[in-house]
*Asks:* 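One structure, as C-alpha cells, below. Some questions next.
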Amino acid sequence: MTLVEGKLKVINGKKIAIVSTRWNHFIVDRLVEGAEDAFLRHGGKDEDITHVIIPGAFELPMVVDQLLASGKYDAVCALGAVIRGATPHFDYVSAEATKGIASAALTFNKPVAFGLLTTDNIDQAIEDANKATGKDLSGNFKFINGDIREIDDCKQACSGVNYVLHQAAL
Ligand code: INI
C-alpha cells in the first residue's frame, strides 16, 4: 500500500497569502485571526504571511488568481462572509466567488483554502465567527480525515488553512 499524507506542519518557510474582505469585516476579521493563529501554531512564521484586504467576496477570485500567478506564495487562504439577507444578490455573489476560487486553484494547481462563510443571517455569521476566535482546531483534524460534514462553516475556514499546509507539505 502506498500512503500519501501531508503533515500538519509548515515546513521550509512556506509562504501564505490571506485574502479577506472589507464586506462584513466584523465577521471576517475573526476568520483572519483564526487563519493566522492556525498558520503560526503549525510552525509558520509571521513574516511569511501576507494579508491582502479587498472590497467583497465577488473580488476574491480575481485576487486569488493574481496572488497565485505572482508565484510568490505556496498557498492562498480566501476569507469572506456572504449573508443572505433579502435579495437574490447573495446567490450571485456566493456562486461567482465559489466558482472563481475553485477555478484559480485548478489553474495554478496550488492549495487554496476556501474560507467563505455563506449564512442565512447575521446571527449565524456571528456565531460562526465566535467559534473561530475560540481557536478550536478539533474540526481541522476532522476535515483532514475527510469528515467534512461534521464541521460548520467557520471551522471550514480554519481547517482550510490546515488543509493548505497539509497540501503544501506534500
Ligand atoms: N460582498 C460580500 O463579501 N458579502 C456580502 O454579503 C455581499 N452582499 O451581500 O452584497 C457582498 N457584496 C459586494 C460584492 O462582493 C462586491 O464587492 C461589490 O459588488 C463590488 O464589486
Side-chain angles (χ1 to χ4, degrees), residues 15-40 44 46 48-70 72-137 139-140 143 148-165 167-168:
K15 297 192 183 345
I16 188 172
I18 296 173
V19 194
S20 72
T21 62
R22 284 191 205 285
W23 257 85
N24 298 321
H25 73 91
F26 61 103
I27 304 285
V28 178
D29 290 352
R30 304 284 80 74
L31 302 179
V32 174
E33 285 170 21
E36 290 175 351
D37 180 69
F39 186 77
L40 297 175
D46 190 64
D48 289 333
I49 302 175
T50 298
H51 182 193
V52 180
I53 302 175
I54 62 168
F58 192 76
E59 284 72 39
L60 278 170
M62 182 187 69
V63 178
V64 168
D65 191 271
Q66 286 181 0
L67 289 166
L68 292 174
S70 76
K72 291 185 188 165
Y73 306 101
D74 298 294
V76 175
C77 178
L79 301 175
V82 194
I83 299 172
R84 184 177 288 278
T87 74
H89 197 59
F90 169 93
D91 294 307
Y92 300 123
V93 171
S94 50
E96 291 311 311
T98 304
K99 275 189 283 177
I101 292 168
S103 163
L106 290 171
T107 300
F108 292 96
N109 198 23
K110 282 268 174 83
V112 177
F114 179 64
L116 181 65
L117 297 184
T118 51
T119 62
D120 286 334
N121 55 53
I122 220 162
D123 286 343
Q124 284 176 359
I126 289 170
E127 195 185 321
D128 286 351
N130 281 337
K131 284 176 202 153
T133 51
K135 299 182 174 71
D136 173 7
L137 295 180
N140 303 348
F143 184 80
I148 197 166
R149 287 162 304 171
E150 283 185 42
I151 55 176
D152 57 31
D153 282 347
C154 184
K155 281 180 181 165
Q156 276 185 48
C158 296
S159 65
V161 174
N162 280 341
Y163 180 65
V164 164
L165 308 184
Q167 294 289 82

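In each ligand, atom 1 is the first atom listed, and ligand 1 is the first ligand listed. When reading the values below, keep in mind they use all heavy atoms of this one structure, side chains included, and skip hydrogens, waters and symmetry mates.
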*Asks:* Please list the nearest protein heavy atom to atom 2 (C) of ligand 1 with its residue and the distance rounded to 0.1 Å.
*Replies:*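 Here the nearest protein heavy atom works out to Trp23 CB, 3.3 Å.
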
*Asks:* Considering all heavy atoms of both residues, which atom of Leu60 and which atom of Leu79 are nearest to each other, and what is their separation?
*Replies:* CD2-O, 4.1 Å

*Asks:* For atom 3 (O) of ligand 1, which protein heavy atom lies nearest, and how many Å away is it?
*Replies:*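 Result for atom 3 (O) of ligand 1: Ala57 N, 2.8 Å.
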
*Asks:* Provide, to 0.1 Å, the distance between atom 14 (C) of ligand 1 and the closest protein heavy atom, together with that atom's residue and name.
*Replies:* Phe58 CB, 3.8 Å

*Asks:* In the protein, which heavy atom is nearest to atom 6 (O) of ligand 1, and how far is it?
*Replies:*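 Going atom by atom, the protein heavy atom closest to atom 6 (O) of ligand 1 ends up being Ile83 N, 3.2 Å.
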
*Asks:* With rounding to the nearest 0.5 angstrom, report the CD1 to OG1 distance, Ile83 to Thr119.
*Replies:*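 These two atoms lie 4.5 Å from each other.
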
*Asks:* Please determine whether any non-hydrogen atom of Ala81 lies less than 4.0 Å from an atom of ligand 1.
*Replies:*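 It does; at least one heavy atom falls under 4.0 Å.
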
*Asks:* What distance separates Asp74 CG from Asp48 CG, expressed to the nearest 0.5 Å?
*Replies:* 8.5 Å

*Asks:* Restricting to non-hydrogen atoms, name the atom on Ala81 and the atom on Ile27 that form the minimum distance, rounded to 0.1 Å.
*Replies:* CB-CG2, 4.1 Å

*Asks:* Would you say Gln124's side chain and Asp120's backbone share a donor-acceptor pair under 3.5 angstrom?
*Replies:*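 It does hold such a pair.
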
*Asks:* Could you tell me which atoms of ligand 1, counted from 1 in the order shown, lie closer than 4.0 angstrom to a heavy atom of Asn24?
*Replies:*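 Within the 4.0 Å cut-off of Asn24, ligand 1 contributes 4 (N), 5 (C), 6 (O).
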
*Asks:* Please write down residue, atom name and distance for the protein heavy atom closest to atom 21 (O) of ligand 1.
*Replies:*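 Atom 21 (O) of ligand 1 sits closest to the protein heavy atom Glu59 OE2, 2.5 Å.
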
*Asks:* Could you list which atoms of ligand 1 come closer than 4.0 Å to a heavy atom of Val82?
*Replies:* 4 (N), 5 (C), 6 (O)

*Asks:* Give me the nearest non-hydrogen protein atom to atom 19 (O) of ligand 1 as residue plus atom name, then the distance to 0.1 Å.
*Replies:* His89 NE2, 4.5 Å

*Asks:* Side chains of Leu40 and Ile49: closer than 4.5 Å at any heavy-atom pair?
*Replies:* yes

*Asks:* State the CZ-NE2 distance between Arg84 and His89, to the nearest 0.5 angstrom.
*Replies:*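 Output value for this atom pair is 13.0 Å.
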
